[in-house]
Amino acid sequence: MRKVTFGGANSVDNFFARKDDAVDWLKWSPEVAEISNEYWKTIDTVLMGRRTFEVAKSAYPGVKNYVCSRTLKHDPAENVELVSGDAADFVRELKNQPGKGICVIGGGLLAKSLLEVGLIDELGMNIQPVLLGSGIPLFHQMEKQIDLELLESKVLKNGCVYVLYRVLHDVAQS
């Protein structure tokens, strides 16, 4: 079964973008590039929500790209396939198909829905040394607690902290 990972960069106060979607506060570094490059070797599929796609405005190269949206009526771009049905059903099907890992990018609401039904296996975060005070939350209020197991942590030279967690799924959810 394929692994589904959710993550990205976030502020200490749980935001992954300003209210206007700006990410001008993100710190990039050779260490972050190395971690990212190693991760991208393990996946062949990217899944994102409509708002994340509208900000990114393009497909990620070298992987299959999907955008989950109930409001879009057609594929949003070349090399991007629209998923208009239930995202959880779609991810269940993807997990059972042959291939590498699946990355859920941005889309806190999309991630919330997948976390709550036990479809995300790992969380990878690049925690930035900033308090934004407001913005678009990485994690939205959930209906239940999600327990995690720390797999890896690394303090980066630029003051960021990279963490990787395994999601501990309830036996009843799996």
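This structure is a prediction, so every number in the text was calculated from the model and none was measured. Excluded from the calculations below are hydrogen atoms, water molecules and symmetry mates; all remaining heavy atoms, backbone and side chain alike, are included.
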Can you confirm whether [X] is buried at [atom1], in the sense that more than 12 heavy atoms of other residues, nucleotides or ligands lie under 6.0 Å from that atom?
{"X": "Arg18", "atom1": "CZ", "answer": "yes"}
{"X": "Glu149", "atom1": "CD", "answer": "yes"}
{"X": "Lys95", "atom1": "NZ", "answer": "yes"}
{"X": "Glu78", "atom1": "CD", "answer": "no"}

What pair of heavy atoms forms the shortest contact from [X] to [Y], and how long is it?
{"X": "Ile43", "Y": "Cys103", "value": "CD1-CB, 3.7 Å"}
{"X": "Asn126", "Y": "Cys160", "value": "OD1-CB, 3.2 Å"}
{"X": "Phe15", "Y": "Trp25", "value": "O-CH2, 3.6 Å"}
{"X": "Gly99", "Y": "Asp44", "value": "CA-OD2, 3.5 Å"}
{"X": "Leu115", "Y": "Ile146", "value": "O-CD1, 3.7 Å"}
{"X": "Leu110", "Y": "Ala87", "value": "CD1-CB, 3.7 Å"}

Going by heavy atoms in the side chains, are [X] and [Y] under 4.5 Å from each other?
{"X": "Asn37", "Y": "Trp40", "value": "no"}
{"X": "Tyr162", "Y": "Glu152", "value": "yes"}
{"X": "Ser69", "Y": "Leu82", "value": "yes"}
{"X": "Val23", "Y": "Phe16", "value": "no"}
{"X": "Val12", "Y": "Ile127", "value": "yes"}

Less than 4.0 angstrom from a charged side-chain N to a carboxylate O is my criterion; do [X] and [Y] meet it?
{"X": "Glu38", "Y": "Lys41", "answer": "yes"}
{"X": "Lys64", "Y": "Glu81", "answer": "yes"}
{"X": "Arg2", "Y": "Asp121", "answer": "no"}

Could you give me the CA-CA distance, side-chain angles and deciding distance for Arg166 and Leu150, then say whether side-chain contact (heavy atoms from CB on, under 4.5 Å) is met? CA-CA 6 Å; Arg166 176 180 303 130; Leu150 181 65; over 6 Å; no
Apply side-chain contact (heavy atoms from CB on, under 4.5 Å) to Leu148 and Leu123, showing your working. CA-CA 9 Å; Leu148 308 172; Leu123 302 174; 3.7 Å; yes
Between Leu47 and Val4, is the side-chain contact (heavy atoms from CB on, under 4.5 Å) condition met? List the steps. CA-CA 10 Å; Leu47 187 67; Val4 178; over 6 Å; no
Check: [X] side chain, [Y] main-chain N or O, donor-acceptor pair, under 3.5 Å:
{"X": "Glu122", "Y": "Val167", "value": "no"}
{"X": "Asp13", "Y": "Leu132", "value": "yes"}
{"X": "His169", "Y": "Ile120", "value": "yes"}
{"X": "Gln128", "Y": "Lys27", "value": "yes"}
{"X": "Glu31", "Y": "Lys157", "value": "yes"}
{"X": "Asn96", "Y": "Arg92", "value": "yes"}

Between Asp147 and Gln145, is a side-chain contact (heavy atoms from CB on, under 4.5 Å) present by the stated rule, with each step listed? CA-CA 6 Å; Asp147 293 323; Gln145 176 176 313; 2.4 Å; yes
Result for side chain to side chain contact (heavy atoms under 4.5 Å, CB included) between Met48 and one of Val83, Asn65, Val104, Val80 points to Asn65
When clusters are formed by joining ILVMFWY residues with side-chain heavy atoms under 4.5 Å apart, either directly or through shared neighbours, do Val117 and Tyr66 land in the same one? yes
To the nearest 0.5 angstrom, please state how far the CZ atom of Phe6 sits from the CZ atom of Phe139. 5.5 Å
